[in-house]
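One structure is given below, encoded as structure tokens.
Letters go in sequence order (proteins before strands), and every chain restarts at 1. Computation of the quantities below employed the complete heavy-atom set of this structure, encompassing side-chain atoms and omitting hydrogens, waters and symmetry-equivalent molecules.
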Number of protein chains: 2
Amino acid sequence: MQRSTNRKRANLRDVAAAAGVSVATVSRVMNAPETVAEATRKRVEEAMNSLHWVPSAAARAINTGRTRFVGALVPTLDNAIFARVLASMESRLAAHRLSLVVATTDNDPAQEAEKAKGLVDIGAEGLIVSGITHAPQFYSLIERCQLATVSTSFYDPGYRLPTIGYDNAAAARTALTHLTDLGHRRIAVVHGPSSSNDRTRSRIAGLEGHSPKPDLSFHEVPLSIAGGCEAGRGILQAEEQPSAVLCLSDVLASGVLFELQREGVAVPQEKSVMGLDDLAASAHLFPALTTVHLPVSRMGTAAADAIASWVETQQAPTPSLLKSKLVVRDSTAFLSAAAKPGTGNRDGSDSDGQSIPGTA
Amino acid sequence: MQRSTNRKRANLRDVAAAAGVSVATVSRVMNAPETVAEATRKRVEEAMNSLHWVPSAAARAINTGRTRFVGALVPTLDNAIFARVLASMESRLAAHRLSLVVATTDNDPAQEAEKAKGLVDIGAEGLIVSGITHAPQFYSLIERCQLATVSTSFYDPGYRLPTIGYDNAAAARTALTHLTDLGHRRIAVVHGPSSSNDRTRSRIAGLEGHSPKPDLSFHEVPLSIAGGCEAGRGILQAEEQPSAVLCLSDVLASGVLFELQREGVAVPQEKSVMGLDDLAASAHLFPALTTVHLPVSRMGTAAADAIASWVETQQAPTPSLLKSKLVVRDSTAFLSAAAKPGTGNRDGSDSDGQSIPGTA
DNA sequence: ATGGTTGATGAAACCAGTTACATGTGTCAA
DNA sequence: TTGACACATGTAACTGGTTTCATCAACCAT
């Protein structure tokens, strides 16, 4: 571990000089070793090692025009769903020999635009964002840079950027239909902040005009387990008790579930609870959460493939719609006498949650 | 949105020519605008805009020697705890005007070494890793590159890399002491794969030589909610029922909790369950999880500060120990007659989980 | 002996910026 | 009037690689 006295890092010229060859030959040893004579190559490699030479990424990038990394702008890492998407993106991008730079936006378009600028400044070749609501500066940035950018979590073929996502409104509608199929009419809807989140808005909008028309009460809370608990408390305080709670996100459903248990409300006997997302944890909750599965892993790989092909071929990908799917588990059940709104009866029969064939 | 016919991106020379100035002046407009005359600057800025010029990150990096991003190698994104650390790192690094490149290693040293190589190849100025077990190639890489690298989640001042983390063994011991203080002697220990994870090994080791000496049975399962459920089932099948379950990770504790509920075992009346991590969700579970708080957010910011100062000043930071702390909630209680091991009694009195003063 | 081909290597241009140094102009005090 | 100095700007070297093209020797078939 000699801390050699020569202050600066060795460069190509140093290696070439040490090996007694030209810089071109050293470069060849790196990029096309088979074109270099065995003996020469060995000599060069020795020189590289003895000088502890490491090629400069920047210098390579300046020639190839490729930095080999893309940026992802996500609202937060605190929700498992984004961690999931990022995980699948990262692994698929690695297969394309691309790295992933993560930046969080906190659902704030201004922050997103700023971080996007930062990513461009460090040389991102492409961007992956969530949703279709962005700041004007964001659009002008990607337009000016002609930057490959795909949008996820929201399918909209008419959007100015290629979208790779699902139909949030339809997913919410699927969930609501499941509850009405079970006979529920008075339903509490729990959702995260809608003002800053177009996915949430779309899910809420998807509930409109449903037939049969249910009686919906809306609860907007922070998008977290704690938020779900808060909603749970709010619902229990309401005068007219709903027989079912539709959460537009699984983390909220988890919180609601915990809070209802804490208050001694049996799910699904007294109240049905359902989510939307299908996190890995949801299948293991007690009771196992009925939800609408969003194919976030597939979305991550699809987005990775799309951005990779875009930066590779300069051809924008086509939008892609991923199907969501109802998955019925144990947290929802037919509306029973015991769960009739307003009775306050908490005896709850021991019936299993009914399985309804998927309607997706 | 004119797709101009000139194929290649404009460069500094083009802008200089368009503005009728030298390249140096254009560069100055970027980096020291106050040294350029008002009128000239305006002319240059107009030229930049009309040519849609975007400075090349690579070209800048080659001169400054700075790429302004560091890499983080984490085992997985699927565990909320890593998402948490990354979130706090990312936000603190942003304050240092550094970006964060994320790579997952799946707890595999070989994969870690490979991804580290990839990060160096694209120009990472520093690395943040988890734990103190790494492949030889990893060490030779960072040594050869003289790469600023800090290790997290594990405090060890004697380690070859600066560590910023906590004392895993002590945290586990704290948890065990809490349970023995409550009178528990027959305790099931649930943990993730130990062969590939030095944090887990350290936590297990921390349980040794405890006084009073409890009767421990170990359950190794995948580090996930599903793994926790699996462990829960395993525990219930055991002949000698433990009165408490010590999970060396909160996600496992959550799974155990859900599974026990599913099987109708009351927590903490029949069995105490405790975790270790203190995830954001843990306080909101039902029952709220007693656990040992690991200051992962502070660790993230500390690691970010450390790596930032290292790449800035070329001075390695000093190792730093972050204190863990017992947080008693509702999932643990005094060993009661009802929960005496082996009785199979599941009546469970309705007593609240007892609060024990923190012993951290 | 000669010309063509192949293989290994080097010289130098090139990528897109930054920056040390030189130059030229204008202002002001001596 | 002149020298000192600040200010704006330009020239050209420099960063650390890649790549084109030229060179040259060895080999082989005529």
Side-chain angles (χ1 to χ4, degrees), chain A residues 6-48 51-68 120-125 144-146, chain B residues 6-48 51-68 120-125 144-146:
Chain A
N6 53 329
R7 38 198 35 74
K8 67 191 259 310
R9 257 173 63 176
N11 65 20
L12 239 207
R13 266 91 181 164
D14 300 331
V15 175
V21 298
S22 73
V23 291
T25 301
V26 180
S27 181
R28 282 185 203 107
V29 171
M30 295 290 296
N31 304 308
E34 70 282 359
T35 68
V36 179
E38 178 72 22
T40 313
R41 184 173 56 210
K42 238 179 191 152
R43 207 145 32 90
V44 171
E45 278 165 356
E46 274 161 25
M48 287 176 173
L51 291 175
H52 292 291
W53 181 66
V54 182
S56 147
R60 175 176 302 141
I62 210 178
N63 288 293
T64 61
R66 302 285 314 267
T67 54
R68 303 216 74 87
V120 168
D121 280 347
I122 64 169
E125 291 188 58
R144 174 177 196 149
C145 304
Q146 305 263 67
Chain B
N6 53 328
R7 39 196 36 72
K8 65 190 261 309
R9 258 173 60 178
N11 64 21
L12 240 206
R13 265 92 182 162
D14 299 333
V15 174
V21 298
S22 73
V23 291
T25 300
V26 180
S27 181
R28 280 186 205 107
V29 170
M30 295 291 295
N31 304 307
E34 70 283 0
T35 68
V36 179
E38 179 72 22
T40 314
R41 183 173 56 213
K42 238 177 192 154
R43 206 146 31 90
V44 171
E45 278 163 357
E46 273 162 25
M48 288 176 173
L51 291 174
H52 291 291
W53 180 67
V54 183
S56 147
R60 175 178 302 141
I62 209 178
N63 287 294
T64 61
R66 302 286 314 268
T67 54
R68 303 217 73 89
V120 168
D121 280 347
I122 65 169
E125 291 189 58
R144 174 175 196 151
C145 304
Q146 305 265 67

* Nearest-angstrom distance from the residue atom CG of D14(A) to P of dG16(D) -> 8 Å
* **Atom-to-atom span, CG of N11(A) to P of dG16(D) - whole angstrom** => 5 Å
* Asked: If you measure from the Lys or Arg side-chain nitrogens to the Asp or Glu carboxylate oxygens, is any gap between E46(A) and R43(A) under 4.0 Å?
  -> no
* Electrostatic pair E45(B)-K42(B), nearest N-O below 4.0 angstrom -> no
* Asked: If only atom types and distance count, is the side chain of R66(B) paired as donor or acceptor with the main-chain N or O of A61(B) below 3.5 Å?
  -> no
* To do: Have a look at V29(B) and say if it touches a base, only the backbone sugar-phosphate, or nothing, with a 4.0 Å heavy-atom cut-off.
  => nothing
Compile the donor-acceptor pairs under 3.5 Å between side chains in residues 26-33 of chain B and protein atoms, sequence neighbours left out, one pair per line.
from, atom 1, to, atom 2, distance (Å)
S27(B), OG, N31(B), ND2, 3.4
N31(B), ND2, S27(B), O, 3.2

* To do: Look at S56(B) and dA16(C) and indicate whether a side-chain polar atom (N or O) is within less than 4.0 Å of OP1 or OP2.
  => no
* Nearest-Å distance for atom pair CZ/P, residues R9(B) and dA16(C) -> 8 Å
Distances under 3.5 Å only, N/O to N/O: pair up the protein atoms with those of nucleotides 18-22 of chain D.
from, atom 1, to, atom 2, distance (Å)
dT18(D), OP1, N31(A), ND2, 2.9
dT18(D), OP2, S27(A), OG, 2.5
dT18(D), OP2, N31(A), ND2, 3.4
dT18(D), O4', N63(A), ND2, 3.4

* Is any side-chain heavy atom of T25(B) closer than 4.5 Å to a side-chain heavy atom of T40(B)? -> yes
* To do: Quickly work out the D121(A) CG to dG17(C) C1' distance and round it to whole Å.
  => 14 Å
* **Stretch residues 34-48 of chain B: residues that reach within less than 4.0 Å of DNA chain C through a heavy atom** => none
